[in-house]
Amino acid sequence: MTNAPRHIAIIMDGNGRWAKTHNKKRSYGHKAGAQTVHKVIEAGAKAGVKYLTFFTFSTENWQRPREEVTFLMRLIPKTINRYLQEMYENNIKIKIIGNIDVLPKNAQKQLKHAEELCSKNDTITVIFAINYGSRQDIIQTTKSICIDVCDGLVEPENIDEIFFSNCLSTAKIPEPDLLIRTSGEQRISNFLLWEIANSVIYITKTSWPDFNEGDLLTAIDFFNSKK
Ligand code: IPE
Ligand code: IPE
Ligand code: MG
């Protein structure tokens, strides 16, 4: 049995290119990618992974055509909702990182409901990074620490790596052991910059809609070969 990393973070990339090779619209690729998330959660839990983070929508993704953004803003909560009961029954904890306060109200409501419903579960924690940008998270954290210093609640000399980590949106989540990016690009795209300081990085040419259990196990084998 493979020795699974505790936390795998995934940059799910290539939905658009995958759709193009199938002569379909980008939305078709996003729909297929949403199915992959479901399968990878199952495969990750089976392999013994304890935390799985999915880069679902970046702060930069707002720059995409309005039609695509609108589609994703519907698809993301809809997909989580569709599998919510199953995730709840499979003892999956759901956590959202990123600023979802600017999302359409209905999306916010559905995401918060999913997080709340599964908050006591503990077999595997699935983290969806939605409207997430690591630089923004670091700046937000810095601001809140500055306020606490000004208010006399924190002494600057007590600010160390552990303290800072505990103020990020990923507080209490162990750092990723393995970062996977699908579809071949060698970029981090503003994802978990602080948290991946010591992570193994695995980039596969496979596009996200085609990524399956076998690919996840290959990535885990790669991780084990680097340990
Ligand atoms: C990843 O696939 C999905 C999101 C970023 C929301 P892309 O949409 O980036 O697909 P490509 O990179 O254009 O192929
Ligand atoms: C990263 O993929 C963001 C998500 C997976 C949500 P992108 O396709 O948006 O990143 P770039 O454009 O290649 O940097
Ligand atoms: Mg992309």
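Each ligand, and each atom within it, is numbered from 1 in the order the structure gives. When reading the values below, keep in mind they use all heavy atoms of this one structure, side chains included, and skip hydrogens, waters and symmetry mates.
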Check: If we only count heavy atoms from C-beta on, is the Phe128 to Lys95 side-chain gap below 4.5 Å?
Finding: no
Checklist line | Side-chain heavy-atom pair Val200, Asp177 within 4.5 angstrom cut-off | finding: no
Margin query: How about CD on Glu116, more than 12 heavy atoms from neighbouring residues, nucleotides or ligands closer than 6.0 Å, or not?
Written below: no
Item checked: Neighbour count >12 (heavy atoms, 6.0 Å) for atom CZ, Phe71 -> yes
Item checked: ring-ring contact (aromatic ring centres under 6.0 Å, His included) partners of His113, counting only residues at least two apart -> none
Note to self: Could you check whether Arg17 pairs with Glu185 (Lys NZ or Arg NE/NH1/NH2 to Asp/Glu carboxylate O, under 4.0 Å)?
What the structure shows: yes
Note to self: One thing to verify: whether Lys46 and Glu213 come together as a salt bridge, which I'm taking to mean a side-chain N less than 4.0 angstrom from a carboxylate O.
What the structure shows: yes
Next item on the list: Indicate the ring-plane relationship of Tyr202 and Phe222, choosing parallel, tilted or perpendicular according to the 30° and 60° boundaries.
Entry: tilted
Notebook entry, point to check: So how far is it from Thr170 OG1 to Tyr51 OH, rounded to the nearest 0.5 Å?
Noted result: 11.5 Å
Next item on the list: Return the set of protein N, O or S atoms whose distance to the Mg ion (ligand 3) is under 2.8 Å, each given as residue and atom.
Entry: Asp13 OD1
Next item on the list: Sequence neighbours left out, what pairs pass ring pair (Phe, Tyr, Trp, His ring centres under 6.0 Å) with at least one residue falling in residues 138-184?
Entry: Phe164-Trp194
Any protein N or O within less than 3.5 Å of an N or O in ligand 2? List each pair with its distance, or say none.
{"residue": "ligand 2", "atom": "8 (O)", "partner": "Asp13", "partner atom": "OD1", "Å": "3.0"}
{"residue": "ligand 2", "atom": "8 (O)", "partner": "Arg64", "partner atom": "NH2", "Å": "3.3"}
{"residue": "ligand 2", "atom": "9 (O)", "partner": "Asn61", "partner atom": "ND2", "Å": "2.9"}
{"residue": "ligand 2", "atom": "9 (O)", "partner": "Arg64", "partner atom": "NH2", "Å": "3.1"}
{"residue": "ligand 2", "atom": "10 (O)", "partner": "Ser189", "partner atom": "OG", "Å": "3.4"}
{"residue": "ligand 2", "atom": "13 (O)", "partner": "Arg181", "partner atom": "NH2", "Å": "3.0"}
{"residue": "ligand 2", "atom": "13 (O)", "partner": "Arg187", "partner atom": "NE", "Å": "3.4"}
{"residue": "ligand 2", "atom": "13 (O)", "partner": "Arg187", "partner atom": "NH2", "Å": "2.7"}
{"residue": "ligand 2", "atom": "14 (O)", "partner": "Arg187", "partner atom": "NE", "Å": "3.2"}
{"residue": "ligand 2", "atom": "14 (O)", "partner": "Ser189", "partner atom": "OG", "Å": "2.6"}

Next item on the list: Run the contact test for Lys20 against ligand 1 with a 4.0 Å cut-off on heavy atoms, strictly below, and give the result.
Entry: no
